[in-house]
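Read through the structure below, which is laid out as structure tokens, and then see the notes.
First listed ligand is number 1; within each ligand, the first listed atom is number 1. Atom set for the values below is all heavy atoms of this structure, side chains included, hydrogens, waters and symmetry mates excluded.
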Amino acid sequence: MDTGAYREQYRRSLDDPTSFWLDAARAVDWVRPPSVALDDTNAPLYRWFPDGQLNTAANALDRHVDAGRGERTALIWDSPVTGATAQYTYRELRDEVARLAGALRSLGVGKGDRVVVYLPMVPEAVTAMLACARLGAVHSVVFGGFAPKELAARIADAAPKVVLTASCGVESSRIVEYVPIVREARRLVRDRGAPEPDHVVVLQRDVARAELGDGELDWSEVVTAATTPADPVPVAATDPLYVLYTSGTTGKPKGVVRDNGGHAVALAWSMSAVYDVGPGDVWWTASDVGWVVGHSYIVYAPLLVGATTVLYEGKPVGTPDAGAFWRVASQYGVKALFTAPTALRAIKRVDPEGAEIGTYDLGDLRTLFLAGERLDPQTYHWASERLGVPVIDHWWQTETGWPIAANPRGLEPLPVKPGSASVPMPGWDVRILDQSGEERPAGREGAIAVRLPLPPGALPTLWGDDDRFVSSYLSRYPGHYLTGDSGYVDVDGYLFVMGRTDDVINVAGHRLSTGAMEAVLAAHPAVAECAVIGVADPLKGQLPRGFVVLKAGADISEEQLVTDLVAAVRAEIGPVAAFRDVAVVDALPKTRSGKILRATMRHIADGRDVPVPSTIEDPEVLDRLRTALRPAT
Ligand code: COA
Ligand code: AMP
């Protein structure tokens, strides 16, 4: 590997993290600059910049306006599903955010209060997040494709004062009315005995307006009524900026906490060093604000560095065609595009030759960044050959907030190795460990762990649950953070991420828990036991596949049971689970102590040759399942 800037910076970040991160912190405007980088007095819980004070929204907006760059474009909204577009300068966006923050304050929202944001990809989703940040309130954005029960779980855990929502979202195939979903979620929250939000504020969209009921307020009326815009409220660097719930190994989502200071420092650093994007550049992340990629790279990072960010309410295909991405990139002069491999596979399926690419002028496009799931080499080659720009895979998680491994295009572009997310970024001391915690040699697969402390920007804890943070991530290998992914590092130090070691699956770039799906299947009166695993899918990367065993004497046709189970997962988790495939089997493979051998099932489904575990209770059960599990050839 090259021994240039990357290696030098990487070593410095691990050998002298204090000076590395205090230097990086200069990119941020502080109300009180930090004098200390790391607080390790409560290890294994670490905090960054413990005595620093700042406001993240002021860094994202006001500082650019104050520096005379207020007339630059901050946000471009492009919505092929409604036919609308809009643009906001930094000054306009700051003013919108200050007004909405004033409105939230008039509803009683202050520093530390939570606000749940359940919005489609409209500019108000961005202003909602930034308005919370301006007040020092904590936003929790919930992805629109989740069902009421998932929304309720998040409301119950975050206990928000206000829920910000819209009358509807627009999917290519249908209009999704949000207000009934929010009402149902509130009912579920009430049933649990959890506190309900004081207000639901509804953005009326002309596509489908909502009749407002009890406790529901009209967004524009609330904003108009609040006549005083809010100024940025200084918060501690360690105060929470947001909570983003993500799937874990159980049904209960984990509330990943992001702080203000470490987040701003890490994102600003990544924007120039990893993505090579700075003031005035047009940057487009084609994801959703409901996911971490949307939080970090649609909203915060591009605005922190004074770039122009594109917010796209559409799909890669069907809105209206497979040229949509190239149209947007060309129309706005996008310098770098970031999306998930599944989006490219969707385009490739409709336009295998990439003919649409040639019909647009992509002269400004320098780089395509991909993350969210493994980048398969075919998709890598297709995109790099058709687009003629570097295609950069990089690996990260909701928990980490920014890339653990990447090819740092701004710091030092390194050679690309297809199939690899390239090299660990500064601050990420990546280790490949075996079962007993010993490091594995180059080329050998193991659990990917990161030595503590994690760098700024990574989660300091889970919302209200330090114990779960420690037991989920820090206990398996003491002194390390467990990523839940497995992989290996080659002799050049390149990291290859191979897949999850737990029950998390990745469907079209959406992270889901098979444990949560199993809980839904198990609740059916005819189901005795069940397992859900992720199986490879050429479009979505993975799809969930369920296996159920009927209760003795269950009186239901297989067809009816499958219909019931598919409907139940859609109703309880949401359409985003894409759960359509479930088989009734006579038994599930288990250990003698009764544990279902899900990992073995997963490996067979992946086409890997796995030995029959010695602990298996009845090897014949596995043999009978093999045909159902094997990938179709
Ligand atoms: N609100 C409501 N419903 C939503 C939704 C939202 N925000 N997002 C998705 N859904 C629904 C879809 O309408 C679909 O419903 P259906 O079963 O009635 O058709 C279902 O959830 C599954 O959606 P999705 O997985 O998005 O599949 P799709 O077939 O609509 O589109 C892709 C497939 C690949 C084009 C699309 O998933 C995509 O663009 N993925 C990129 C993912 C991404 O950005 N990930 C973030 C990490 S970078
Ligand atoms: P999320 O928290 O939704 O961002 O999902 C994180 C998970 O997605 C990781 O733990 C990986 O399993 C997977 N993932 C994300 N990016 C990549 C990548 N570049 N290569 C392989 N897997 C990835």
**Asked** Only one of Tyr312, Tyr297, Phe338 forms a side chain to side chain contact (heavy atoms under 4.5 Å, CB included) with Trp284, so which one is it?
**Response** Tyr312

**Request:** Quickly, which of Val566, Leu565, Ile573 forms a side chain to side chain contact (heavy atoms under 4.5 Å, CB included) with Val569? Name it, please.
**Result:** Ile573

Tell me, which protein residue and heavy-atom name are nearest [atom], and how many Å apart are they?
atom: atom 22 (C) of ligand 1; value: Pro575 O, 3.7 Å
atom: atom 39 (O) of ligand 1; value: Pro316 CD, 3.3 Å
atom: atom 34 (C) of ligand 1; value: Thr342 OG1, 3.5 Å
atom: atom 2 (C) of ligand 1; value: Gly144 O, 3.3 Å
atom: atom 47 (C) of ligand 1; value: Gly509 O, 3.7 Å
atom: atom 19 (O) of ligand 1; value: Arg580 NH2, 4.4 Å

Taking the six-membered ring for Trp, are [X] and [Y] ring centroids under 6.0 Å apart?
X: Trp396; Y: Trp428; value: no
X: Tyr275; Y: Trp283; value: yes
X: His480; Y: Tyr473; value: no
X: His295; Y: His263; value: no
X: Phe369; Y: His394; value: yes

**Asked** Hey, mind stepping through Ser167 and Glu177 against side chain to side chain contact (heavy atoms under 4.5 Å, CB included) and telling me if it holds?
**Response** CA-CA 6 Å; Ser167 54; Glu177 293 193 14; over 6 Å; no

4.0 Å heavy-atom contact, [X] with ligand 1:
X: Gly169; result: no
X: Lys540; result: yes
X: Ala286; result: yes
X: Glu313; result: no
X: Met121; result: no
X: Arg174; result: yes
X: Phe338; result: no
X: Val317; result: no

**Item:** Test ring-ring contact (aromatic ring centres under 6.0 Å, His included) applied to Tyr10 - qualifying residues, sequence neighbours left out
**Value:** Tyr6

Closest to [atom] (judged by heavy-atom distance), picking from [options]:
atom: atom 18 (O) of ligand 1; options: Glu171, Lys315, Arg570; answer: Arg570
atom: atom 37 (O) of ligand 1; options: Gly294, Ala577, Ala578, Ala508; answer: Ala508
atom: atom 44 (O) of ligand 1; options: Ser287, Gly372, Pro341; answer: Ser287

**Item:** Closest approach of Arg258 to Gly457 (non-hydrogen atoms, all atoms of both residues)
**Value:**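 Shortest heavy-atom separation between Arg258 and Gly457 comes out as NH1-O, 2.9 Å.
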
**Residue pair Ile448 / Thr483: nearest heavy atoms and the distance that separates them** =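 Taking every non-hydrogen atom into account, O-OG1, 2.7 Å.
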
**Request:** Find the distance between OG1 (Thr165) and CD (Glu216) and round it off to the nearest 0.5 Å.
**Result:** 9.5 Å

**Message:** Test: side-chain hydrogen bond (donor to acceptor under 3.5 Å, both in side chains). Region: residues 365-380. Which pairs qualify, not counting sequence neighbours?
**Reply:** Arg345-Glu373, Arg345-Asp376, Asp376-Thr379

Under 3.5 Å, side-chain donor or acceptor atoms of residues 325-332 against the rest of the protein: list the pairs with distances, not counting sequence neighbours.
unit_1, atom_1, unit_2, atom_2, d
Arg327, NH1, Asp78, OD1, 3.4
Arg327, NH1, Asp78, OD2, 2.7
Arg327, NH1, Gln331, OE1, 3.0
Arg327, NH2, Asp78, OD1, 3.0
Ser330, OG, Asp361, O, 3.3
Tyr332, OH, Asp78, OD2, 2.5

**Asked** Mind checking what residues have non-hydrogen atoms under 4.0 angstrom from ligand 2?
**Response**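 Shell around ligand 2 (4.0 Å, heavy atoms): Val292, Gly372, Glu373, Arg374, Asp393, His394, Trp395, Trp396, Gln397, Thr398, Asp485, Val497, Arg500, Asn506, Arg511.
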
What part of [X], side chain, backbone, both or neither, has a heavy atom within less than 4.0 angstrom of ligand 1?
X: Ser172; result: neither
X: Arg345; result: neither
X: Glu373; result: neither

**Request:** Examine distances only and state if a side-chain atom of Thr309 and a backbone atom of Ile298 form a donor-acceptor pair shorter than 3.5 Å.
**Result:**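 Checking the backbone N and O of Ile298 against the side chain of Thr309, a donor-acceptor pair under 3.5 Å is found.
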
**Asked** Within a distance of under 4.0 Å, is there any protein heavy atom near atom 32 (C) of ligand 1?
**Response**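 It does not: no protein heavy atom is found less than 4.0 Å away from atom 32 (C) of ligand 1.
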
**Prompt:** Is there at least one protein heavy-atom neighbour under 4.0 Å from atom 9 (C) of ligand 1?
**Reply:**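 Yes, because at least one protein heavy atom sits under 4.0 Å from atom 9 (C) of ligand 1.
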
